[in-house]
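Here the structure comes first, spelled out in structure tokens, and everything after it is commentary.
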Amino acid sequence: MKYSIIIPIFNEAKNIKLTIKRVSKILNQKKIVYEIIFVDDDSTDNSEKVYKNFKTSKTKFFLRKDKPRDLSRSVVFGFKKAKFNNLAVMDGDLQHTPNDLINLIKEFNYNKHDIVIGSRKMISSKKVNLNPLRFYISNLLNMVTNRLFELDLKDPMSGFFIIKKKIFLNSKRKLFLRGYKILLDIILSSRKQLKIKEVFINFKSRDKGFSKMRLKILLQLIIFMIVKFFTKIK
Ligand SMILES: Nc1nc2c(ncn2[C@@H]2O[C@H](COP(=O)(O)OP(=O)(O)OP(=O)(O)O)[C@@H](O)[C@H]2O)c(=O)[nH]1
Ligand SMILES: [Mg+2]
């Protein structure tokens, strides 16, 4: 199977080189047919210049100029540019490891899932490299999400997943399209019952660059959940 790997970035100049090198290396080793698509939300740190120094024949870079910048919209922008039918999404700050990408791909290749999620083991804040406050808020949100939407997912907020393009296309019209939770948005907007598999991943701490997580994103998520709850389609 062939994969389009979508990597949304905002001010990740310090991580682009290693991301291209590490992800490409393992995909080449495993003889996977792929393209890597960076969607840059008009970064202010020379990301595009850095990209040009390290690009390969299998990488692409798209600048998204729409304002305000938005992670979900960037991912969807990347989906629309993808040439393959299997869409993988991962962070561009090396928190998602190339080894885990291979594990997700293996699971996606050999079993007929609509979505495979790279899930963080949310058992202690240290294990998932989150500060205690973010860890507890994440856990609480996961619990509320599962309850509200009758799901049973360990990490419905993950930014690391693989999805069939047709599942995305199926949900497209109903997407909320704001904030960080594009995976949950797609799951809640899908018109069919989805076959979802979770694979545990190692979530590394961010070495370089800055987190873009803000209070605004949490508020967007709460509004998203309220809207989705009142427009539930199942
Ligand atoms: N295109 C685009 N990418 C974004 C935006 N916000 C974040 N990103 C990228 O999305 C990925 C995840 O964002 P992070 O800020 O690392 O979020 P996080 O991993 O939850 O937070 P940390 O653990 O603190 O790193 C990274 O590759 C970011 O560069 C955005 O508004 N637009
Ligand atoms: Mg990060």
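Side-chain contact between L27 and I102 is present, with at least one heavy-atom pair separated by less than 4.5 Å. Residues F61 and E48 form a side-chain contact, since some pair of their non-hydrogen atoms from C-beta on lies under 4.5 Å apart. Side-chain contact between Q29 and I26 is present, with at least one heavy-atom pair separated by less than 4.5 Å. Put simply, the side chain of K60 does not reach to within 4.5 Å of the side chain of I36, judged on heavy atoms. Proximity of I5 to I37: side-chain heavy atoms (C-beta onward) are nowhere separated by under 4.5 Å. Between N170 and F168, every side-chain heavy-atom pair lies at or beyond the 4.5 Å cut-off. Residues D66 and R73 are not in side-chain contact: their nearest non-hydrogen atoms beyond the backbone lie 4.5 Å or more apart. Side-chain contact check for I7 versus V39: every heavy-atom pair is 4.5 Å or farther apart.
Looking at every heavy atom in both residues, R178 comes nearest to Q220 through CD-NE2, 3.7 Å. Listed here is the closest heavy atom pair of V75 and I6: O-CG2, 4.1 Å. When every heavy atom of R64 is checked against every heavy atom of F77, the shortest pair comes out as CG-CD1, 3.7 Å. Nearest heavy-atom pair across N86 and K2 is ND2-O, 3.0 Å. Of all the heavy atoms in M1 and N109, the pair that sits closest is CE-OD1, 3.2 Å. When all heavy atoms are compared, the tightest approach of I32 to Y34 is O-CD2, 3.1 Å.
F160 and H96 have parallel rings, their planes meeting at less than 30° on a 0 to 90° scale where 60° marks the start of perpendicular.
S74 and D41 are linked by a side-chain donor-acceptor pair at a separation below 3.5 angstrom, with hydrogens and angles left out of the test. No side-chain donor-acceptor contact under 3.5 Å links T145 and N142. Side-chain contact check for S189 and K172: no donor-acceptor pair (N or O, by modelled atom type) lies under 3.5 Å. Under 3.5 Å, the side chains of S47 and D45 contain a donor-acceptor pair of N or O atoms. Between the side chains of Y180 and D185, no donor N or O sits under 3.5 Å from an acceptor N or O. There is a side-chain donor-acceptor pair under 3.5 Å between E107 and N111.
Geometrically, K49 does not engage Y51 in a cation-pi contact, judged by NZ or CZ lying under 6.0 Å from the ring centre and within 45° of the ring axis.
Counting only distance, with no hydrogens or angles, the side chain of S190 and the backbone of I187 share no donor-acceptor pair below 3.5 Å. Judged by distance alone, the side chain of D93 and the main-chain N or O of Q95 form a donor-acceptor pair under 3.5 Å. Judged by distance alone, the side chain of E35 and the main-chain N or O of Y3 form no donor-acceptor pair under 3.5 Å.
Atom CZ in F62 sits 5.0 Å away from atom NZ in K81 (nearest 0.5 Å). Taken from CD1 in I167 to CD1 in I186, the straight-line distance is 9.5 Å, to the nearest 0.5 Å. Taken from CZ in F230 to CD1 in I226, the straight-line distance is 7.5 Å, to the nearest 0.5 Å. With rounding to the nearest 0.5 Å, the separation of NZ in K55 from OG in S24 is 13.5 Å. Between the CD1 atom of I201 and the CG atom of N99 there is a distance of 12.0 Å, given to the nearest 0.5 Å. Atom CD1 of I115 and atom CG of L183 lie 6.0 Å apart (nearest 0.5 Å).
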Residues F224, F176; criterion ring pair (Phe, Tyr, Trp, His ring centres under 6.0 Å); working and verdict: CA-CA 7 Å; F224 159 71; F176 180 74; 5.3 Å; yes

Residues H113, F108; criterion ring pair (Phe, Tyr, Trp, His ring centres under 6.0 Å); working and verdict: CA-CA 6 Å; H113 306 297; F108 201 80; 7.4 Å; no

R22 and T97: CA distance, side-chain angles, deciding distance, side chain to side chain contact (heavy atoms under 4.5 Å, CB included) verdict: CA-CA 9 Å; R22 290 191 187 158; T97 71; over 6 Å; no

Stepwise side chain to side chain contact (heavy atoms under 4.5 Å, CB included) check, V76 with S72: CA-CA 6 Å; V76 166; S72 289; 5.8 Å; no

Check against side chain to side chain contact (heavy atoms under 4.5 Å, CB included), I20 and F38: CA-CA 10 Å; I20 293 179; F38 287 97; 3.6 Å; yes

Intermediate values then yes/no, side chain to side chain contact (heavy atoms under 4.5 Å, CB included), V116 and F161: CA-CA 6 Å; V116 171; F161 58 95; over 6 Å; no

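In terms of hydrophobic clustering, with Ile, Leu, Val, Met, Phe, Trp and Tyr side chains grouped at heavy-atom distances under 4.5 Å, L104 and V33 are assigned to different clusters. Hydrophobic clustering of Ile, Leu, Val, Met, Phe, Trp and Tyr side chains at less than 4.5 Å, counting indirect connections, keeps L94 apart from V23. By the criterion of side-chain heavy atoms lying less than 4.5 angstrom apart, applied directly or through intervening Ile, Leu, Val, Met, Phe, Trp or Tyr residues, I163 is not grouped with F84; the two fall into different hydrophobic clusters. When hydrophobic clusters are built by joining Ile, Leu, Val, Met, Phe, Trp and Tyr residues whose side-chain heavy atoms come closer than 4.5 Å, directly or via intermediates, F10 is not grouped with L218. If you chain together hydrophobic residues whose side chains sit under 4.5 Å apart, I196 and F200 never meet in one group.
The number of heavy atoms from other shown groups lying within 6.0 Å of CG (D152) does not exceed 12. Annotation for K204: atom NZ does not count as buried by contact number, only 12 or fewer foreign heavy atoms lying within 6.0 Å. Counted within 6.0 Å of NZ on K14, heavy atoms from surrounding residues, nucleotides or ligands total 12 or fewer; the atom is thus considered open.
Using a 4.0 Å cut-off between charged nitrogen and carboxylate oxygen, D42 and K67 count as a salt-bridge pair. Under a 4.0 Å N-O distance rule, the pair E12/R206 qualifies as a salt bridge.
Here the rule is salt bridge (charged side-chain N to carboxylate O under 4.0 Å, His left out) with D114, and of K164, R191, K166, K197 only K164 fits it.
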List the atom pairs, donor and acceptor, that lie under 3.5 Å between side-chain atoms in residues 117-125 and the rest of the protein, sequence neighbours left out.
{"from": "S119", "atom 1": "OG", "to": "E198", "atom 2": "OE2", "distance (Å)": "2.5"}
{"from": "R120", "atom 1": "NE", "to": "D155", "atom 2": "OD2", "distance (Å)": "2.8"}
{"from": "R120", "atom 1": "NH2", "to": "D155", "atom 2": "OD1", "distance (Å)": "3.0"}
{"from": "S124", "atom 1": "OG", "to": "K127", "atom 2": "N", "distance (Å)": "3.2"}

